[in-house]
Amino acid sequence: MVVVVTGASQGIGRAIAEAFAERDDAQVALVARTEEKLDAVADACRGHGGEALVVPTDVTDDAAVAEMAATVRDVWDVPDVLVNNAGAFTYAPLDELTLDGFRDQIDVNLTSAFSVTQTFLPAMRERAQGHLFFMGSVASLMAYPGNAGYCAAKHGLRGLARVVREETKDEGIRVTTVLPGATDTPTWDGVDLPAERFMPPEDVAAAVVDAYHLSDRTVLEELLLRPQEGDV
């Protein structure tokens with residue numbers, strides 16, 4: 001079983017990679033920009049019984065995405081699972097958000113998912129099998145002040161996933177949008193709140209793997225997770 005995880009160097013992406021390695025002995029392709037962090041995740045995946053392929057990639061670079069996909073196919077073949085998890089968050093009120101800053105949020109959180117999906121999807125469709133996960137957010141559903149770029153991107157990502165679902169549902173492809181609330185990841189470093197107010201990334205990862213393990217007759221289209229005490 002081949003799994004590709006973008007944004008795999010930390011947080012939810014790392015947890016998902018490790019979860020698939022542990023539960024399925026999966027071959028996990030780890031995609032992110034920082035090779036050193038990916039190497040640490042690869043060691044963890046191998047420790048869980050899986051295999052790991054480190055593919056340092058800037059997913060906002062189209063040529064790099066194409067090269068990454070070719071590497072995965074050459075080493076392991078077409079992925080069974082693609083997790084579009086790469087993303088970034090920058091807080092900025094509207095009067096401080098620059099046009100370049102807005103575009104950066106769209107590129108990393110939305111356009112990259114389109115690029116990676118478009119690169120892998122034709123072979124998955126030809127094989128009539130595969131599961132695509134898009135890592136949205138509660139910001140895909142709600143508006144948060146100071147988050148114009150991020151909310152726009154995550155709303156767009158949910159829309160993109162819905163279109164992919166509609167266009168591929170008769171071809172054996174499953175599509176799931178994951179909508180997590182506040183999760184204990186580096187995004188929240190420096191915030192003066194107790195860890196108990198955040199979801200563990202391992203919980204999000206467990207939900208993703210469980211969604212994959214439903215029968216082929218069922219797809220969990222959207223998966224909304226929030227901290228027990230609600231949004232922070």
Side-chain angles (χ1 to χ4, degrees), residues 1-22 24-90 100-101 103-124 130-137 149-150 153-154 157 160 178 183 185-189 201-202 204-205 208-209:
M1 171 185 175
V2 177
V3 179
V4 176
V5 183
T6 69
S9 61
Q10 60 186 9
I12 292 174
R14 174 173 184 156
I16 291 172
E18 291 190 35
F20 273 114
E22 183 171 18
D24 297 288
D25 296 334
Q27 298 170 307
V28 188
L30 305 169
V31 179
R33 288 177 296 179
T34 308
E35 185 169 3
E36 183 178 357
K37 289 183 178 180
L38 291 177
D39 286 338
V41 180
D43 288 342
C45 288
R46 295 177 186 120
H48 289 305
E51 298 180 48
L53 175 66
V54 171
V55 195
T57 307
D58 178 354
V59 291
T60 66
D61 181 330
D62 296 345
V65 168
E67 184 176 350
M68 174 273 293
T71 298
V72 173
R73 288 192 295 263
D74 288 346
V75 175
W76 282 336
D77 206 355
V78 181
D80 300 283
V81 177
L82 169 60
V83 183
N84 283 303
N85 172 73
F89 168 78
T90 302
D100 284 344
R103 285 176 173 146
D104 286 345
Q105 289 283 287
I106 299 298
D107 283 348
V108 69
N109 291 296
L110 175 57
T111 308
S112 69
F114 175 80
S115 174
V116 174
T117 297
Q118 194 174 54
T119 302
F120 283 112
L121 185 57
M124 298 171 80
H131 199 147
L132 304 174
F133 289 90
F134 291 85
M135 190 58 60
S137 164
Y150 188 75
K154 291 299 186 180
L157 187 69
L160 170 62
V178 187
T183 307
T185 69
T187 296
W188 294 94
D189 285 352
E202 293 78 12
V204 181
V208 167
V209 176

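All residue numbers in this chain count up from 1 along the given sequence. What you see is a predicted model, and the numbers here were worked out from it, not measured in a lab.
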In terms of heavy-atom contacts, does CZ of F114 have more than 12 from other residues, nucleotides or ligands at under 6.0 Å?
no
Return the OG1 to CG distance between T34 and D58, rounded to the nearest 0.5 Å.
10.5 Å
Side-chain (T117) to main-chain (A113) donor-acceptor, under 3.5 angstrom:
yes
Can you tell me how far the CG atom of L38 sits from the CD atom of Q10, to the nearest 0.5 Å?
10.0 Å
D61 CG to M68 CE distance, which is reported to the nearest 0.5 Å
11.0 Å
Look at atom CZ of R33 and say whether more than 12 heavy atoms of other residues, nucleotides or ligands are closer to it than 6.0 Å.
no
Does a side-chain heavy-atom distance below 4.5 Å link T60 with D104?
no
Looking only at heavy atoms, which two atoms of A42 and V54 are closest? And how far apart?
CB-CG2, 3.7 Å
Short side-chain to backbone donor-acceptor contact, T57 and V55, under 3.5 Å:
yes
Shortest non-hydrogen separation from R14 to A44 and the atoms involved:
NH2-CB, 3.7 Å
Between S137 and Y150, is any pair of side-chain heavy atoms under 4.5 Å apart?
yes
With side chain to side chain contact (heavy atoms under 4.5 Å, CB included) as the criterion, how do F20 and H48 come out once you've worked through the C-alpha distance, each side chain's angles and the decisive distance to 0.1 Å?
CA-CA 9 Å; F20 273 114; H48 289 305; over 6 Å; no
Heavy atoms of V4 and P79 approach each other most closely as CG2-CB, 3.8 Å
Taking all heavy atoms of G7 and all of N85, pick out the closest pair and write down the distance.
O-ND2, 2.9 Å
For M135, run the side chain to side chain contact (heavy atoms under 4.5 Å, CB included) check against I12, T6, V5 and tell me which one passes.
I12
Checking side chain to side chain contact (heavy atoms under 4.5 Å, CB included) for the pair V209/D24: CA distance, chi angles, key distance, verdict?
CA-CA 9 Å; V209 176; D24 297 288; 4.1 Å; yes
Side chains of I16 and F133, heavy atoms from C-beta outward: is any pair under 4.5 Å?
no
For the atom pair CD (Q27) and SG (C45), what is the distance rounded to the nearest 0.5 Å?
12.0 Å
Find the distance between CE (M124) and CG (L132) and round it off to the nearest 0.5 Å.
4.5 Å
Rounded to the nearest 0.5 Å, how far apart are CZ of R73 and OG1 of T119?
7.5 Å
Minimum heavy-atom distance between V41 and A8, given as atom pair plus value
CG2-O, 3.4 Å
Do you know which two heavy atoms are closest between A153 and Q105, and how far apart they sit?
CB-O, 3.7 Å
Within-4.5 Å side-chain heavy-atom neighbours: N109 and L157
no
